[in-house]
*Asks:* 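Quick one: the structure is below, questions incoming.
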Amino acid sequence: MRIDTNILGAVRMPDAGASGPAATSRRYGRQDYADAFGDFVDLAKVADEVGFDTFWYTEHHFQHEGYEVVPNQVLLGLYSAAVTRRLNFGQMFNIVPQWNPLRLAEDFAAADILTGGRMRFGVGRGTVPREMQTLGAKIESGDNAMDASAEQANREHFAEAMAAIRAAFTEERFSHQGAHFRFPPAGIPDRGGYVQDLALVPNVTREVEIYQACTSPRTVDYVAEHGHIGVYTRQSAARLEKAWALHAELTAKHGRPTEVGEEQMLVLHVNVAPTHEQAVALARPGHDELTKLLSPYGRFATYDPPAGMTSTPFDYAPTLEESMRQRIYVVGDFDEVAEQIAEYRDRLGLRRLSVAMDALGLTPEQQQDQLRMFAAEVAPRLGIAMSADGQQALEVAA
């Protein structure tokens with residue numbers, strides 16, 4: 001089981017929690033964002049030192065509320081790789097409809113070459129109309145009453161952009177004609193002729209594994225068809241077990257039989273401490289702040305239904321206790337956290353795990369200590385020896 005870590009990418013937020021200001025009323029200044037980037041890089045250095053495989057950033061734009069302030073993960077990952085020794089850097093996720101697909105492919109290829117293959121390519125469809133529509137894309141959202149036409153336009157745009165990106169990565173010369181993109185456009189004069197095809201320069205020198213957020217049955221089917229690694233989060237172990245089995249069935253339907261866990265990745269919110277009570281105290285402010293931010297967007301509708309309900313409300317806002325009960329948040333002492341992760345590993349055939357430990361409200365030093373404690377105390381209890389050379393070896397029992 002490979003162990004990564006991912007971050008929301010927020011500014012320092014000491015007043016995080018249920019009693020803090022409303023998510024929409026937060027405001028931060030330029031120096032707050034600048035300081036946050038220093039914090040992200042410092043956290044990556046710790047992840048490198050203690051043996052995580054990959055450090056995943058997140059793309060968002062125009063978030064003056066301070067929650068997600070990294071607009072370009074490839075650029076930040078490139079810099080982070082330059083100041084670390086061997087840690088990989090991934091994008092969770094590049095919001096493809098906000099990009100010109102060939103510029104995204106070029107940027108990733110250049111960064112992957114410059115880092116010696118230390119970049120991981122993640123893609124998603126997006127979530128927030130403020131950034132999507134400003135950057136020329138559409139998305140269904142709680143802010144636009146889940147506009148079905150925006151959802152369909154987004155899917156079509158995303159699928160066509162990904163087709164162009166895959167062609168650019170895999171073919172020496174490529175062309176693409178579709179409803180949204182024509183690469184190259186018709187009639188471009190070039191040195192006495194016309195441009196018929198293109199070559200990505202520079203281009204990747206290895207096969208690119210593509211990671212994609214799986215948030216709906218249609219997306220799972222698309223991911224299974226194209227051989228992407230499906231990234232899952234905010235579901236109970238029982239729901240994940242069913243979802244991953246369906247994922248494997250769909251790969252077989254598309255002529256690509258796989259085992260459960262072979263093409264999936266799990267993201268867990270994790271907070272750990274020497275005692276259960278200390279871990280809960282660390283987790284609560286960040287959990288409750290994130291709930292204020294994300295519940296209006298339906299990001300917790302993937303939870304099991306509350307008691308007495310047959311379905312989970314779109315704007316469901318779970319308590320920390322409910323998130324822990326469903327083990328969507330894994331919070332506790334070293335033994336508790338290891339036992340709950342081991343349950344996921346055994347039930348899901350888990351091969352890729354990313355632990356999100358940068359809970360809102362934690363200081364940079366507390367976030368760093370979370371990574372250190374996980375590597376030193378939790379991983380060995382899972383039978384995994386994490387080391388500064390990046391090797392995550394199974395320990396041999398005496």
Side-chain angles (χ1 to χ4, degrees), residues 6 8-9 56-63 67-77 90-109 111 119-170 174-185 198 200 208-233 294 296-299:
N6 60 285
L8 184 71
W56 297 84
Y57 290 116
T58 303
E59 177 189 344
H60 283 284
H61 302 262
F62 318 123
Q63 293 216 8
Y67 292 108
E68 299 157 308
V69 301
V70 177
N72 190 315
Q73 305 160 89
V74 176
L75 182 63
L76 182 55
Q91 304 99 49
M92 195 181 279
F93 301 91
N94 292 305
I95 306 305
V96 173
Q98 296 175 174
W99 285 76
N100 177 295
L102 297 189
R103 292 299 303 269
L104 177 57
E106 285 178 339
D107 285 1
F108 179 85
M119 304 295 284
R120 296 193 187 276
F121 191 59
V123 297
R125 295 194 300 113
T127 57
V128 184
R130 179 197 300 176
E131 60 187 63
M132 296 291 288
Q133 293 180 211
T134 300
L135 296 173
K138 296 180 179 180
I139 191 66
E140 77 281 19
S141 168
D143 284 336
N144 60 23
M146 300 304 291
D147 181 355
S149 64
E151 194 268 353
Q152 184 60 30
N154 176 280
R155 286 187 180 277
E156 292 174 0
H157 188 124
F158 174 87
E160 191 175 323
M162 286 306 303
I165 289 171
R166 286 191 298 268
F169 280 157
T170 58
F174 68 93
S175 61
H176 172 89
Q177 287 78 41
H180 298 279
F181 302 104
R182 186 180 178 95
F183 299 132
L198 299 168
L200 198 70
V208 176
E209 197 171 54
I210 299 175
Y211 293 73
Q212 183 174 344
C214 282
T215 56
S216 71
R218 287 182 65 185
T219 299
V220 174
D221 187 64
Y222 173 87
V223 167
E225 178 183 3
H226 293 284
H228 298 178
I229 304 299
V231 182
Y232 292 78
T233 191
L294 297 180
Y297 293 102
R299 300 294 288 278

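Reckoned from all heavy atoms, side chains included, excluding hydrogens, waters and symmetry mates. Worth saying up front: this structure is predicted, and the values here are computed from it rather than measured.
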*Asks:* Does the side chain of W99 reach to within under 4.5 Å of the side chain of V123, using non-hydrogen atoms?
*Replies:*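 Contact flag for W99/V123 side chains = no.
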*Asks:* Quick one: closest heavy-atom pair of I139 and P129, and the distance?
*Replies:*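 Closest approach of I139 to P129: CG2-N, 3.9 Å.
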*Asks:* Where do A137 and P97 come nearest, in terms of heavy atoms and distance?
*Replies:*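 Looking at all heavy atoms of both residues, the closest pair is CB-O, 3.4 Å.
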*Asks:* Test of understanding: with side-chain hydrogen bond (donor to acceptor under 3.5 Å, both in side chains), list the residues that count as partners of Q91, not counting sequence neighbours.
*Replies:*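 Checked Q91 against side-chain hydrogen bond (donor to acceptor under 3.5 Å, both in side chains); matches are N94.
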*Asks:* Rounded to the nearest 0.5 Å, how far apart are CD1 of I210 and NE2 of H226?
*Replies:* 9.5 Å
*Asks:* Indicate the atoms forming the closest heavy-atom contact of A111 with V74, along with that distance.
*Replies:* CB-CG1, 3.6 Å
*Asks:* Apply side-chain hydrogen bond (donor to acceptor under 3.5 Å, both in side chains) to D143 and list each qualifying residue two or more places apart in sequence or on a separate chain.
*Replies:* Y297
*Asks:* Minimum heavy-atom separation for L200 to A168, with atom names?
*Replies:*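 For L200 and A168, the tightest heavy-atom pair comes out as CB-O, 3.9 Å.
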*Asks:* Under the salt bridge (charged side-chain N to carboxylate O under 4.0 Å, His left out) rule, what pairs show up with a residue in residues 151-168, not counting sequence neighbours?
*Replies:* E151-R155, E151-R218
*Asks:* Sequence neighbours excluded, which residues qualify as side-chain hydrogen bond (donor to acceptor under 3.5 Å, both in side chains) partners of E140?
*Replies:*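 For E140 the side-chain hydrogen bond (donor to acceptor under 3.5 Å, both in side chains) partners, ignoring immediate neighbours, are R125.
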*Asks:* Kindly state each residue pair satisfying salt bridge (charged side-chain N to carboxylate O under 4.0 Å, His left out) with at least one member in residues 129-138, sequence neighbours excluded.
*Replies:*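 Every pair satisfying salt bridge (charged side-chain N to carboxylate O under 4.0 Å, His left out) with a residue in residues 129-138: E65-R130.
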*Asks:* Look up atom CG in N144 and atom CD in Q133, then write down how far apart they are to the nearest 0.5 Å.
*Replies:* 7.0 Å
*Asks:* Please walk me through it: do M132 and N154 pass side chain to side chain contact (heavy atoms under 4.5 Å, CB included)?
*Replies:* CA-CA 10 Å; M132 296 291 288; N154 176 280; 3.4 Å; yes
*Asks:* Let me know which of F93, Y211, F169 forms a ring-ring contact (aromatic ring centres under 6.0 Å, His included) with F121.
*Replies:*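 The ring-ring contact (aromatic ring centres under 6.0 Å, His included) with F121 is passed solely by F169 among F93, Y211, F169.
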*Asks:* According to ring-ring contact (aromatic ring centres under 6.0 Å, His included), does anything in residues 126-158 pair up with another residue at least two apart or in another chain? List the pairs.
*Replies:*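 Checked against ring-ring contact (aromatic ring centres under 6.0 Å, His included) - neighbours excluded - the pairs reaching residues 126-158 are H157-H180, H157-F181, F158-Y222.
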*Asks:* Could you walk me through whether Y67 and T58 pass side chain to side chain contact (heavy atoms under 4.5 Å, CB included), step by step?
*Replies:* CA-CA 11 Å; Y67 292 108; T58 303; over 6 Å; no
*Asks:* Which distance, rounded to the nearest 0.5 Å, do you find between the OG1 of T219 and the NE2 of H228?
*Replies:* 11.5 Å
*Asks:* Can you tell me how far apart CG (L135) and CD1 (I95) are? Round to the nearest 0.5 Å.
*Replies:* 10.5 Å
*Asks:* From F108 CZ over to Q73 CD, what is the distance, rounded to the nearest 0.5 angstrom?
*Replies:*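 Answer for the CZ-CD pair, F108 versus Q73, is 11.0 Å.
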*Asks:* Looking only at non-hydrogen atoms, find the nearest pair between H176 and A163 and report the distance.
*Replies:*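 Answer, listing the atom of H176 first, then A163: CE1-CB, 4.3 Å.
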*Asks:* Minimum heavy-atom separation for V223 and C214, please, with both atom names.
*Replies:* CG2-SG, 3.9 Å
*Asks:* With heavy-atom distances below 4.5 Å as the criterion, would you say the side chains of M162 and Q212 are in contact?
*Replies:*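 Not in contact.
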*Asks:* Can you confirm whether the side chains of E59 and Y57 place a donor and an acceptor under 3.5 Å from each other?
*Replies:* no
*Asks:* Using a 4.5 Å cut-off on heavy atoms from C-beta on, say whether the side chain of I165 contacts that of V208.
*Replies:* no
